[in-house]
Every structure is written in structure tokens, then in C-alpha cells.
Amino acid sequence: MDYEKELKDLKEKLEEATSQKNRAEARLETLEQQEKELLKELEGQGIKPEQLEEEILKLEKEIKELFSSSYELLPKDE
């Protein structure tokens, strides 16, 4: 058995795993910062995170109503 080769392979795999861990930690940090920014933006709009789904539904309904109103104002084809 070639212990030197096995040790080298193990070292390479460990280095790759460490690299992946570091990239994952950096990505997590970025995502956490984005989450903070989004929560701050929501707070600025007066929306609590737990109300977000309700707010989205409300805005979708408002958009549909505005489209309906707009279509009603258009001249009818006869």
C-alpha cells in the first residue's frame, strides 16, 4: 500500500473541503447581509416580515383592480 500517495490524496481532499467550507461561509455572510438590508427596507416601508405574504397579496389585488379600472376606461371596440 502506498501510504504517501494516500496521504497526498487525503491532504488534497481536505484542502478542497476547506476551500468549499470557506466559500460557503462567505456566501452565508453575504446572504445574511442581504437579509439585514431587506429587513431594514421592509421596516422603512412599515412592513413587518411576518406581514410580508399578506402585503404581497394586498398589492397583487390592488394591481388587478388597477388593470381592471384601466381597461374600463379604454374605448370599447364595436
Kindly list each side-chain donor-acceptor pair under 3.5 angstrom involving residues 41-55, sequence neighbours excluded, with atom names and distances?
unit_1 : atom_1 : unit_2 : atom_2 : d
Gln51  : OE1    : Lys48  : N      : 3.3

(message) More than 12 heavy atoms of other residues, nucleotides or ligands under 6.0 Å from CD of Gln20: yes or no?
(response)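 Atom CD in Gln20 is crowded, with more than 12 foreign heavy atoms closer than 6.0 Å.
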(message) Does this structure show an ion pair linking Glu62 with Lys58, if we count only N-O contacts that are shorter than 4.0 Å?
(response)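 So Glu62 does not pair with Lys58 through a salt bridge.
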(request) For the residue pair Glu12 and Asp9, establish whether any side-chain heavy-atom pair is separated by less than 4.5 Å. (result)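 Sidechains of Asp9 and Glu12: in contact.
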(request) For the residue pair Thr18 and Leu14, establish whether any side-chain heavy-atom pair is separated by less than 4.5 Å. (result)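 Yes; the side chains approach each other to less than 4.5 Å.
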(message) Once salt bridge (charged side-chain N to carboxylate O under 4.0 Å, His left out) is applied, do any residues pair with Arg27, and if so which ones, sequence neighbours excluded?
(response)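 So Arg27 forms no salt bridge (charged side-chain N to carboxylate O under 4.0 Å, His left out) with any residue.
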(request) Please answer whether the main-chain N or O of Glu15 pairs with a side-chain N or O of Ser19 as donor and acceptor at a distance below 3.5 Å. (result)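 Answer holds: no.
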(request) Working to the nearest 0.5 Å, report the span between CG of Leu31 and NZ of Lys36. (result)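 So the CG of Leu31 and the NZ of Lys36 are separated by 12.5 Å.
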(request) Look up atom CD in Glu37 and atom CG in Leu39, then write down how far apart they are to the nearest 0.5 Å. (result)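 Answer rounded to 0.5 Å: 10.5 Å.
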(message) Check for me, please, whether Leu74 and Ile63 land in the same ILVMFWY cluster - side-chain distances under 4.5 Å, paths through other members count.
(response)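 Same cluster: Leu74 reaches Ile63 through Ile, Leu, Val, Met, Phe, Trp or Tyr contacts under 4.5 Å.
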(message) In this structure, would Phe67 and Leu59 fall into the same cluster of hydrophobic residues linked by side-chain contacts under 4.5 Å?
(response)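 Different clusters.
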(request) Dump the intermediate steps for salt bridge (Lys or Arg N to Asp or Glu O under 4.0 Å) on Lys21 and Glu25, then the final yes or no. (result) CA-CA 6 Å; Lys21 176 185 165 269; Glu25 286 174 342; 3.2 Å; yes
